[in-house]
Amino acid sequence: MSRIPNVSAAETGESEEDVCRQILRILGVIGDKWSILVVGTLRDRTLRFGELHRAVTGISQRMLTLTLRQLERDGLLTRTVHASVPPRVEYTLTELGSTLLTAATALGDWAAAHRNEIENNRRHYDEAHPPRARR
């Protein structure tokens with residue numbers, strides 16, 4: 001496994017491999033497109049499930065539910081249920097979730113700045129490497 005910078009496994013008594021596995025599991029969740037979109041959508045305010053569903057274009061209700069559960073499990077957002085009929089459920093970023101915004105925003109900004117170049121690269125690559133005919 002490759003070395004991850006700024007990981008001090010020796011200080012915690014963990015092996016470098018265990019630390020790398022933990023980091024990869026975390027990145028698997030926070031690097032998911034839906035997680036990034038949900039965190040970004042919650043950056044400025046608390047939202048109800050329906051508001052989040054409308055704001056995160058293309059996500060199914062099931063995927064939103066799964067994403068919210070994982071983000072809550074990781075401590076990146078809180079879920080508050082208000083006693084009303086029907087029950088009102090709101091989601092808010094935690095302090096930890098807010099710290100993710102800087103990195104997520106930087107990635108989004110990078111993607112926005114380079115989207116045309118990447119699309120051109122993809123088009124040129126696809127033109128030079130057409131799909132092979134099936135036999």
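On a predicted model such as this, the values are computed, not experimentally measured, just so you know.
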Inter-residue atom distance [X].[atom1] - [Y].[atom2], 0.5 Å rounding:
X      : Y      : atom1 : atom2 : result
Leu100 : Ile26  : CG    : CD1   : 11.0 Å
Asn116 : Asn121 : CG    : CG    : 11.0 Å
Thr99  : Leu93  : OG1   : CG    : 9.5 Å
Ser98  : Leu77  : OG    : CG    : 10.5 Å
Leu68  : Ile59  : CG    : CD1   : 7.5 Å

Got a sec, which residues hit side chain to side chain contact (heavy atoms under 4.5 Å, CB included) with Ser60, two or more places apart in sequence or on another chain?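 Side chain to side chain contact (heavy atoms under 4.5 Å, CB included) check on Ser60 returns Arg62, Met63.
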
Closest heavy-atom contact between [X] and [Y]?
X     : Y     : value
Gly97 : Val39 : O-CG1, 4.1 Å
Ser84 : Pro86 : OG-O, 2.8 Å
Pro87 : Val81 : CB-CG1, 4.4 Å

Does [X] reach the main-chain N or O of [Y] with its side chain, forming a donor-acceptor pair under 3.5 Å?
X     : Y     : answer
His53 : Phe49 : no
Arg69 : Leu66 : no
Thr41 : Ala55 : no

According to side chain to side chain donor-acceptor pair (under 3.5 Å), who are the partners of Thr46, at least two apart in sequence or on a separate chain?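 So Thr46 forms a side chain to side chain donor-acceptor pair (under 3.5 Å) with Thr92.
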
Can you list everything that forms a side chain to side chain donor-acceptor pair (under 3.5 Å) with Asn120? Sequence neighbours excluded, please.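 For Asn120 the side chain to side chain donor-acceptor pair (under 3.5 Å) partners, ignoring immediate neighbours, are Arg123.
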
A side-chain contact here means heavy atoms from C-beta on lying under 4.5 Å apart; do [X] and [Y] qualify?
X     : Y     : value
Leu37 : Thr67 : no
Tyr91 : Leu42 : yes
Glu72 : Thr78 : no

Do Gln70 and Asp74 have a side chain donor and acceptor closer than 3.5 Å?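 Judged by distance alone, the side chains do pair up.
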
Looking at Arg88 and Glu90, is there a salt bridge between them, counting it only when a charged N and a carboxylate O are closer than 4.0 Å?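 Salt bridge flag = yes for Arg88 with Glu90.
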
Tell me every residue that passes ring-ring contact (aromatic ring centres under 6.0 Å, His included) with His82, counting only those two or more places apart in sequence or in another chain.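 In terms of ring-ring contact (aromatic ring centres under 6.0 Å, His included), with neighbours along the sequence ignored, His82 is linked to no residue.
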
Any residue meeting ring-ring contact (aromatic ring centres under 6.0 Å, His included) with His114, in chain and number order, not counting sequence neighbours: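 His114 satisfies ring-ring contact (aromatic ring centres under 6.0 Å, His included) with Trp110 only.
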
With the 4.5 Å side-chain cut-off for hydrophobic clustering, are [X] and [Y] part of the same group?
X     : Y     : result
Ile36 : Val56 : no
Ile30 : Val19 : yes
Ile23 : Val29 : no

Any pair with a residue in residues 46-58 that passes salt bridge (Lys or Arg N to Asp or Glu O under 4.0 Å), sequence neighbours left out, goes on the list, sorted by first then second residue, please.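 For residues 46-58, and leaving out neighbouring residues, there are no salt bridge (Lys or Arg N to Asp or Glu O under 4.0 Å) pairs at all.
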
Does atom CD of Glu95 have more than 12 heavy-atom neighbours, drawn from other residues, nucleotides or ligands, at distances under 6.0 Å?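 No, the 6.0 Å shell around CD holds no more than 12 heavy atoms from other groups.
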
